[in-house]
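Computed over heavy atoms, backbone and side chain alike; hydrogens, waters and symmetry mates excluded.
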Amino acid sequence: MEPVAVGLVGAGPWAEMAHAPMLAAGPHTRLAGVWARRPEAAARLGAPVYERLEELFDACEAVAFCVPPAVQAELAVRAARAGKALLLEKPLGDSLDSARRLADAVADSGVPSQLVLTLRYAPGTRAFLERCREIEPFGGHAANISGALLGDHPFATPWRLERGALLDAGPHMVDLMDAALGRITGVRAHGDPLRWAGLLLEHEGGAVSEVSLSQAAAGDPPPASAAVYGRKGSAVLDPGGDALPRVAEEFARTVRRGGGHPLDAAHGLRLQRVIEEAESQLRTP
């Protein structure tokens, strides 16, 4: 399979740590160029730097986004209308309305899309979800605790400092419980997304789960965790392995095949609905 030429939008810490090396490593993708609002940051990523976004579109078949949610929701619409396949970060947008506009643009243009929900691509997560299907699950819990909002943490960026763990880490854990226990049909939320937020999720078929989220924990918090319990046993998450090569491989196959991916923009919109409903409850006095 010919490597897919992917342009990268964004040059922040996550782009430098994950997206750029993942796309440049091959063999399924190649990093065709970078556009960012800070050209000096883009120059560190080892690919041609484009001054105009449209010039990047001309140089690639697909576009990967590693920018704040509001920026992604705006610029990915332009990429979709230009006929480019999209590798999207979570959350899809900074609001349900912006996420819906992006998902609609993807649907209207017919371009392939895929979300970088990194946990879902890890080999151990795939095994965990297979186990969940065997045990007739009825409940579970998940936690994502970090210090990402503290001090000089590289991910203490303005949108995270404003919206907190629910918008940032929330999509990962909500998606995991959705995949393990069935489609989410209801959510109740309590707490504070800038300190500790808890979600009670209801799933199709009657299963329930709890999700705990915080990015204000000092010290050395444990890694993200999840466990699911059922009538025929239990399953405990051990992600294991590097997820990023699988992200790139599956995206390249999605682009070449021209079809959909289970973790596409429509899936991202569904996750955003859950997150926004939870946020609305936390904002209510």
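His203 pairs by the side chain to side chain donor-acceptor pair (under 3.5 Å) definition with Ser209, not counting sequence neighbours.
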Intermediate values then yes/no, side chain to side chain contact (heavy atoms under 4.5 Å, CB included), Leu86 and Leu102: CA-CA 11 Å; Leu86 308 178; Leu102 174 49; 4.3 Å; yes

Kindly determine whether Glu204 and Thr185 satisfy side chain to side chain donor-acceptor pair (under 3.5 Å), including the steps that lead there. CA-CA 6 Å; Glu204 284 182 350; Thr185 58; over 6 Å; no

Side chain to side chain contact (heavy atoms under 4.5 Å, CB included) between Val9 and Leu53: does it pass, once the steps are laid out? CA-CA 8 Å; Val9 173; Leu53 189 61; 3.8 Å; yes

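Residues Glu277 and Val274 are not in side-chain contact: their nearest non-hydrogen atoms beyond the backbone lie 4.5 Å or more apart. The shortest side-chain heavy-atom distance between Arg183 and Asp178 falls under the 4.5 Å cut-off.
Ion pairing between Asp175 and Arg120 holds under the 4.0 Å rule for side-chain N and carboxylate O. The pair Arg101-Asp104 does not count as a salt bridge, with every side-chain nitrogen at least 4.0 angstrom from each carboxylate oxygen. A salt bridge links Arg131 with Glu134; the closest basic N to acidic carboxylate O contact falls under 4.0 Å. Under a 4.0 Å N-O distance rule, the pair Arg256/Glu2 does not qualify as a salt bridge. A salt bridge links Arg44 with Glu16: the closest approach of a Lys/Arg side-chain nitrogen to an acidic carboxylate oxygen falls below 4.0 angstrom. A salt bridge is absent between Glu130 and Arg126: the closest approach of a Lys/Arg side-chain nitrogen to an acidic carboxylate oxygen does not fall below 4.0 angstrom. With respect to Arg163 and Asp94, no salt bridge is recorded, no charged nitrogen being found less than 4.0 Å from a carboxylate O.
Counting non-hydrogen atoms of neighbouring residues, nucleotides and ligands closer than 6.0 angstrom, the CZ atom of Arg195 reaches no more than 12 such neighbours.
The backbone N or O of Pro91 lies less than 3.5 Å from no partner atom in the side chain of Gln272, so there is not a single donor-acceptor pair. For Gln281 (side chain) and Val187 (main-chain N/O), a donor-acceptor pair under 3.5 Å exists by modelled atom type.
Transitive grouping of hydrophobic side chains (ILVMFWY, heavy atoms separated by less than 4.5 Å) brings Val106 and Leu75 into a common cluster. A single hydrophobic cluster is not seen to contain both Tyr229 and Met173; linkage of ILVMFWY side chains at heavy-atom distances under 4.5 Å, directly or through other members, places them apart.
If you check the side chains of Asp168 and Gln215, you find a donor sitting under 3.5 Å from an acceptor. For the residue pair Glu51/Trp35, the side-chain donor-acceptor check at 3.5 Å is not satisfied.
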Could you give the side-chain donor-acceptor pairs of residues 137-153 under 3.5 Å, partners two or more places apart or in another chain?
| residue | atom | partner | partner atom | Å |
| --- | --- | --- | --- | --- |
| Ser146 | OG | Ala148 | N | 3.3 |
| His153 | ND1 | Phe155 | N | 3.0 |

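Put simply, CZ on Phe57 and NZ on Lys84 are 8.5 Å apart, with the number rounded to the nearest 0.5 Å.
For the side-chain contact (heavy atoms from CB on, under 4.5 Å) criterion with Val228, the lone passing option out of Leu129, Val236, Leu181, Leu176 is Leu181. Here the rule is side-chain contact (heavy atoms from CB on, under 4.5 Å) with Tyr121, and of Leu244, Val116, Leu263 only Leu263 fits it.
When all heavy atoms are compared, the tightest approach of Leu88 to Phe65 is CD2-CD1, 3.9 Å.
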